[in-house]
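A, B, ... follow the sequence lines: proteins, then strands. Residue 1 opens every chain. Predicted model, so just to flag it, every value in this text is computed and none were measured. Values below: all heavy atoms of this structure, side chains included; hydrogens, waters and symmetry mates excluded.
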Amino acid sequence: MSTERYNAGEAEPKWQRVWEERGIFAAPNEDPRPRYYVLEMFPYPSGRIHMGHVRNYTMGDVVARYKRARGMNVLHPMGWDAFGMPAENAAMANKVHPKTWTYDNIATMKGQLKSMGLSLDWARELATCDPAYYKHQQAMFLDFLQAGLVERKVSKVNWDPVDQTVLANEQVIDGRGWRSGALVERRKLSQWFLKITDFADELLDGLGDLDRWPEKVRLMQENWIGKSRGMKFRFRLAEPRPGMESFEVFTTRPDTIFGSSFAALSPDHPIALALAETRPEVAAFIAECKRGGTTAAELETAEKMGFDTGLEVVHPLDPDWRLPVYIANFVLMDYGAGAIFGVPGHDQRDFEFAAKYGLPIRRVVAAGPEDAGKPIAGEAESGDGVLVNSRFLDGMDVESAKAAVIARGEAEGWGAGTIAWRLRDWGVSRQRYWGTPIPIVHCGACGAVPVAKEALPVVLPEDVAFELPGNPLDRHPTWKHVPCPRCGADALRETDTLDTFVDSSWYFIRFASQPADRPFDRAIASQWLPVDQYIGGVEHAILHLLYARFWTRALRRLGRLDIAEPFAGLFTQGMVTHETYRSLDGRWLSPEEVEVGAAGPVETATGSAVETGRIEKMSKSKKNVVDSDVIVDQYGADATRWFLLSDSPPERDLEWSEGGIEGAWRFVQRLWRMAAQGGGGDGQDQPLERRLHRTIAAVTANIESLAFNKAIANLYELATVIEKAAPSASRSAAVETMLRLVAPMAPHVAEEAWAALGKNGLIARAPWPEADPALLVEDEVTIAIQVNGKLRDTVKAAKGAAREDLEAMAVENENVRRILAGAAPKKVIVVPDRLVNVVA
RNA sequence: GCCCCUGUGGCGGAAUUGGUAGACGCGCUCGACUCAAAAUCGAGUUCCGCAAGGAGUGCCCGUUCGACUCGGGCCAGGGGCACCA
């Protein structure tokens, strides 16, 4: 075997070909081995693979290769989240068809992924923009519709009047469309909604079983679902009129009912709208409320505004007590009942409102009965306490008072305990071209009619123009004109397409099973699912992961799938970051444009000083992107993979560094040299074997817990020990085992060295090494000798040495005696096999 | 405003249940090999101190024989939600 340098450029494509030709990464549906499904969030084909992708897929690949070595039938697929806005933007900017753009990107990125040596089952590849994929999505949409899980509702959207399209909140910047710069209007549009709120309880409860999800993600979902226990009750108008007798309010603080000093309606509340019809000043106020933007920052600074309607309602617990009814801009129509009762003393918003409009601020909760007269000053008090100034509630604690008011409301029939959710139904209509067509036809006579299942897919037309703003589907001369599926009259296709989050809500099921005639086979899909290990960015912690959970549960409710949760294990990996550089006049500079001199970094071209900016996520605009192709060319896929796994814990951000990738490259070479030197020699090397088996155990445990950085540290240590060991049979065996341990992370060099050692078969198919428990037990341990908890010496002792012997050894220790200076120790603490602490 | 996470050398980070802080990597210093360089190998590298020794895991307090680890109070950085009644 040659001891020349390992040539990754030659070896890597060679082994990738071998793996592919032998089809060793295929996951047969029929196979006696236990199954394991590892999945990384599939990429959007934006153009090129970036380091974040590589890090993500490398982690998944380590798991896949490791589980395969453990004898499992591993499903590790890859596909493309291929619908979305960037393709349309590219179409507008470069006059290239979204389909061409998307498939070109897929070809490029697939080549890049292949050069990483990922152990993927490419036979299961899918792209969501393929009619063979989205036709099943259309079918499921119709199934959901039939099952009552789809609804058409009017909702408010951000409308860009220039681009003639709906914008997501993130696309509205300072109240203007991000592309057109036009002032965004809040329009009402009929849109399709999926009734995710039907599953609010299930989705919340289900989180409790997801013990292999990050606590943080479960918490974020819990907050997003936002379950609040409270009470709904009805306010009667003091002077009822036809159609305007009463309205409902929701509160989480029924205990404060005697602290109420007003009621407030949302500007969208039916009563507010009814008043606006006859009273121009009401209409004007409602219009005023709507003018403000919808962004978080604007809402935060928005002042409380109210309009006194002149109406009054009767307090439910006192027929003689009347409260004014306002319309208030801070009351949301789609939460609770769209109306509230205001308790200024104990709610900060109500406090601000009351202060502005001169309404009474009453205390009904206090630290104790003696504080009943203490005024509420400065801000509302939302804390716990004892009820005061509250008639029959006086003296109760907050919880008892809540229960008492609810009980009374239920007994007297004016109110009841209830639950409010923050979660809203999922609006899936998008006024865009590059998405799944919604399979509906609007007929003047029949209304919204589903397309017949046999007529699916509703295929996107390809002859579309992007020169004009708006939805090309809507402008297409013929596409939308179809007969009504029900009555045959002239009708119009739905021209909205589905939110791309729908596409990614079930792709993991389609990976598991892909029959041509239906979305998936129930039995096969239910065998593979749930995904054992899902890996992706934390930016999907809420939307994608919640939608996928909903879709899975909806399928189960429809009897299509046997599982409730799609992802049994979830891991959210950190970003890949890099330093940023800026010239003094504010231009971003790429690392290649900067060189570090004695006086700090300077711009190579001009020699002027450069400001080193924050370490940030790699992005084109900040010019801090390191291209994976360039790195793989220079260092090879193994070194790239190794570095991405080594430097930081996988859940944290990883800073890309030249030094880091160099170090990884050195290790690959070192590994090759170690194998090239071979073992030679006979005989046993007990210490080396012990060390080897300790490493096997440690690496195994660390890969199991996805602590790749620690597994790599274990391997570095082992490498040093092997290099220093004299030739022996043990050493030869250690080198081979080392290669097997390294193989999931650096598969090519492991394969090349394995072959060079003359081993039969592929290391990619070799079983995982087992640690021999007998070799994990040390017969000699190091005992720390402490005085008052401070380390004074360490001594070797036989494992399992008696307490008395250890104590005697410590007390007689020279350093200990010097510190004690003849005094007797007060106490001696002995922790067997660990330490002795002499308390002076 | 509410909820959550993080804080350890020059840097990334290790430290079963509280039990020898700084593994491993990067960087740096010195040395070997070389005419020289690259590559490689060896030694060192928390801080103060020549040393003995002392200090040290964001800060303060506490529990303990013993605290990076547990409790209380702060500070800093980051993330999520956001007029959710």
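Between A/Glu717 and A/Phe330, it is A/Glu717 whose nearest contact on RNA chain B lies nearer the 5' terminus. Between A/Gly336 and A/Asn702, it is A/Asn702 whose nearest contact on RNA chain B lies nearer the 5' terminus.
Within 4.0 Å of A/Leu219, counting heavy atoms only, lie sugar-phosphate atoms of the nucleic acid but no base atom. Within 4.0 Å (heavy atoms only), A/Gln786 reaches at least one base atom of the nucleic acid. When heavy atoms are screened at a 4.0 angstrom cut-off, A/Asp350 is found touching no nucleic acid atom at all. Across all strands shown, A/Tyr716 has heavy atoms under 4.0 Å from sugar-phosphate atoms exclusively, and none from any base. The residue A/Ser646 sits apart from the nucleic acid: no heavy atom pair falls under 4.0 Å. The residue A/Val331 sits close to a base: some heavy atom pair falls under 4.0 Å.
With P as the reference atom, B/C24 and B/C59 are 26 Å apart, rounded to whole Å. Between the C1' atoms of B/C47 and B/A32, the separation comes to 31 Å (whole Å).
Side-chain atoms of A/Asn702 come within 3.5 Å of backbone N or O of A/Ala698 as a donor-acceptor pair. Formation of a donor-acceptor pair under 3.5 Å by the A/Asp425 side chain with backbone atoms of A/Phe193 is not found in this model. A donor-acceptor pair is defined here as one N or O able to donate and one able to accept, closer than 3.5 Å; such a pair exists between the side chain of A/Asp833 and the backbone of A/Gly800.
Counting non-hydrogen atoms of other residues, nucleotides and ligands closer than 6.0 Å to CD of A/Glu814 gives a total of 12 or fewer. Around atom NZ of A/Lys617, no more than 12 heavy atoms belonging to other residues, nucleotides or ligands sit under 6.0 Å away. Atom CZ of A/Arg212 has more than 12 neighbouring heavy atoms from other residues, nucleotides or ligands inside a 6.0 Å radius.
Atom P of nucleotide B/C2 and atom CZ of A/Arg349 are separated by 13 Å, given to the nearest angstrom. B/C83 atom C1' lies 12 Å from atom CG of A/Asp334, rounded to whole Å. Atom CH2 of A/Trp672 and atom P of B/U40 are 17 Å apart (whole Å). Atom pair A/Asp255:CG and B/A85:C1' shows a separation of 13 Å (rounding to whole Å applied). Atom-to-atom, CD of A/Gln669 to P of B/U40 comes out at 8 Å; the value is rounded to the nearest Å. Between the C1' atom of B/C11 and the CG atom of A/Leu654 lies a distance of 13 Å, rounded to the nearest Å. Going from atom CG of A/Asn815 over to atom C1' of B/U20 covers 14 Å, rounded to whole Å. Rounding to whole angstrom units, CH2 of residue A/Trp642 and P of B/C26 are separated by 12 Å.
Note: A/Phe353 and A/Phe262 meet the aromatic proximity criterion, with ring centroids under 6.0 Å apart. A/Trp656 and A/Phe643 have their aromatic ring centers within a separation under 6.0 angstrom.
For the OP1/OP2 pair of B/G13 and a distance below 4.0 Å, the side-chain nitrogens and oxygens of A/Arg652 include at least one atom meeting the criterion. An OP1 or OP2 oxygen of B/A85 is reached within less than 4.0 angstrom by no side-chain nitrogen or oxygen of A/Arg253. Contact annotation: A/Asn223 side-chain N/O to B/C2 OP1/OP2 distance is not under 4.0 Å. Proximity of A/Ser657 to the phosphate of B/G12: no side-chain N or O atom is located under 4.0 Å from OP1 or OP2. In terms of phosphate contacts, A/Tyr335 brings a side-chain nitrogen or oxygen within less than 4.0 Å of OP1 or OP2 of B/A85. Neither OP1 nor OP2 of B/U20 sits under 4.0 Å from any side-chain N or O of A/Lys790. Proximity of A/Lys216 to the phosphate of B/C4: no side-chain N or O atom is located under 4.0 Å from OP1 or OP2. Side-chain nitrogen and oxygen atoms of A/Arg666 include at least one within less than 4.0 Å of the OP1 or OP2 phosphate oxygen of B/G27.
Under 3.5 Å, the side chain of A/Lys710 and the base of B/C24 form no donor-acceptor pair of N or O atoms.
Counting all heavy atoms, side chain and backbone alike, A/His693 lies closest to A/Leu775 at CD2-CD1, 3.4 Å. Residues A/Leu645 and A/Met59 share a closest heavy-atom pair of CD2-CG, 4.0 Å.
Defined by atom type and a distance below 3.5 Å, a donor-acceptor pair is missing between the side-chain atoms of A/Asn714 and A/Thr695. Between the side chains of A/Ser390 and A/Arg362, no donor-acceptor pair is found at a separation under 3.5 Å.
Distances from the side chain of A/Asn837 to the nucleotides B/C65, B/A85, B/U20 place B/C65 closest. Picking from B/A85, B/C65, B/U17 the nucleotide with the shortest atom distance to the side chain of A/Ile829 gives B/C65. Here the side chain of A/Asp647 is nearest to one of B/C4, B/G54, B/G25, namely B/G25. Comparing B/A85, B/C83, B/G19 against the side chain of A/Val831 picks out B/G19 as the nearest.
In RNA chain B, the stems built from three or more successive Watson-Crick or G-U pairs (distances below 3.5 Å) are B:1-7 with B:75-81, B:10-12 with B:24-26, B:27-32 with B:40-45, B:46-48 with B:53-55, B:58-62 with B:70-74.
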Could you encode protein contacts along nucleotides 41-52 of chain B as a string, one character per nucleotide from 5' to 3', using B for base contact, S for sugar-phosphate-only contact and - for no contact, with a heavy-atom cut-off of under 4.0 Å?
SS----------
